[in-house]
K.L.:
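Please read through the structure below; I'll follow up with questions.
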Amino acid sequence: MTHPDDRYPPRSHPPQSYQEYQSPHTPGADLTALRSAYRGLRRVSTLTALGSFVVYVALSCGAPDLMGSEIAGELSLGMGLGILQLLVTFGAVLWYGRSAQRSVDPLARAVRERALRPVRDAGAAR
């Protein structure tokens, strides 16, 4: 079984060769990669939810006649876009959770394992 450090190198780009993959670890590089991955997820999910909300508010303020127009029966465009806003927000939350499990959680596990390794090694040496 391989150690988590071997599966998740502390780089923001994939290794180009086996030697680069096995190169010595630089302190803080794994935390930098973790912060970068987390920052990217935050930006995308926040801008998606916030951007759709800003468009909805801008249309509500700038084009009230358009937002009041009926699109299907008694359903107005404003109400339809409000429902779509909820779906976009829930979609952004679900996307964030799934993406965090794939990209941020493995990096966090590697950081945790690397931080606990000296403690385990010191305990084994006793």
Side-chain angles (χ1 to χ4, degrees):
M1 187 166 142
T2 61
H3 195 273
D5 293 342
D6 299 332
R7 291 190 308 242
Y8 307 110
R11 293 179 174 81
S12 59
H13 65 281
Q16 301 299 321
S17 66
Y18 182 75
Q19 287 77 20
E20 183 182 350
Y21 185 84
Q22 294 296 327
S23 66
H25 169 69
T26 57
D30 49 356
L31 290 176
T32 302
L34 180 61
R35 270 186 296 236
S36 175
Y38 182 61
R39 189 179 312 119
L41 284 178
R42 278 193 327 237
R43 284 182 184 159
V44 171
S45 61
T46 301
L47 290 177
T48 300
L50 190 61
S52 65
F53 178 72
V54 167
V55 168
Y56 176 75
V57 170
L59 283 174
S60 295
C61 293
D65 293 337
L66 176 67
M67 295 296 274
S69 63
E70 294 179 357
I71 55 173
E74 294 294 318
L75 182 67
S76 68
L77 180 62
M79 185 61 76
L81 288 177
I83 292 169
L84 182 64
Q85 170 63 37
L86 288 173
L87 295 176
V88 166
T89 301
F90 287 128
V93 168
L94 289 174
W95 175 84
Y96 179 87
R98 293 187 72 196
S99 297
Q101 285 178 342
R102 281 187 317 225
S103 63
V104 175
D105 289 352
L107 289 171
R109 277 192 293 276
V111 168
R112 187 178 311 114
E113 285 295 319
R114 190 166 286 134
L116 293 177
R117 185 184 298 161
V119 173
R120 278 185 279 160
D121 292 345
R126 289 183 191 183

K.L.:
How would you list, by chain and number, every residue that makes a side chain to side chain contact (heavy atoms under 4.5 Å, CB included) with Ser69, sequence neighbours excluded?
P.N.:
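Per chain and number, Ser69 pairs via side chain to side chain contact (heavy atoms under 4.5 Å, CB included) with Leu66, Leu77.
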K.L.:
In chain order, what residues pass the side chain to side chain contact (heavy atoms under 4.5 Å, CB included) check against Ser76, with sequence neighbours excluded?
P.N.:
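By the side chain to side chain contact (heavy atoms under 4.5 Å, CB included) rule, Ser76 matches Met79.
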K.L.:
When clusters are formed by joining ILVMFWY residues with side-chain heavy atoms under 4.5 Å apart, either directly or through shared neighbours, do Phe90 and Leu41 land in the same one?
P.N.:
no
K.L.:
If I take atom CG from residue Leu81 and atom CE from residue Met67, how far apart are they, to the nearest 0.5 angstrom?
P.N.:
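Here the interatomic distance stands at 4.5 Å.
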K.L.:
Applying a strict under-4.5 Å side-chain criterion to I, L, V, M, F, W and Y, I'd like to know whether Val44 and Leu34 cluster together.
P.N.:
yes
K.L.:
Excluding sequence neighbours, so at least two apart, what forms side-chain hydrogen bond (donor to acceptor under 3.5 Å, both in side chains) with Gln85?
P.N.:
Ser52, Thr89
K.L.:
Would Leu47 and Val54 show up in the same hydrophobic cluster when neighbours are defined by side-chain heavy atoms closer than 4.5 Å?
P.N.:
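No.
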K.L.:
For Arg39, give me all partners under side chain to side chain contact (heavy atoms under 4.5 Å, CB included), at least two apart in sequence or on another chain.
P.N.:
Arg35, Ser36, Arg42, Arg43
K.L.:
Rounded to the nearest 0.5 Å, what separates atom OH in Tyr38 from atom CG in Asp105?
P.N.:
11.5 Å
K.L.:
If we only count heavy atoms from C-beta on, is the Leu107 to Asp30 side-chain gap below 4.5 Å?
P.N.:
no
K.L.:
To the nearest 0.5 Å, what is the distance between CG (Leu75) and CD1 (Ile71)?
P.N.:
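Rounded to the nearest 0.5 Å, the CG-CD1 separation comes to 4.5 Å.
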K.L.:
Table please: side-chain donor-acceptor pairs of residues 95-103 below 3.5 Å, with sequence neighbours left out.
P.N.:
{"from": "Trp95", "atom 1": "NE1", "to": "Ser99", "atom 2": "OG", "distance (Å)": "3.2"}
{"from": "Ser99", "atom 1": "OG", "to": "Trp95", "atom 2": "O", "distance (Å)": "3.0"}
{"from": "Ser99", "atom 1": "OG", "to": "Arg102", "atom 2": "NH2", "distance (Å)": "3.2"}
{"from": "Ser103", "atom 1": "OG", "to": "Ser99", "atom 2": "O", "distance (Å)": "2.9"}

K.L.:
Under the side chain to side chain contact (heavy atoms under 4.5 Å, CB included) test, which residues partner Val93, sequence neighbours left out?
P.N.:
none
K.L.:
What's the separation between atom OG in Ser45 and atom CG in Leu94, rounded to the nearest 0.5 Å?
P.N.:
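The OG atom of Ser45 sits 11.5 Å away from the CG atom of Leu94.
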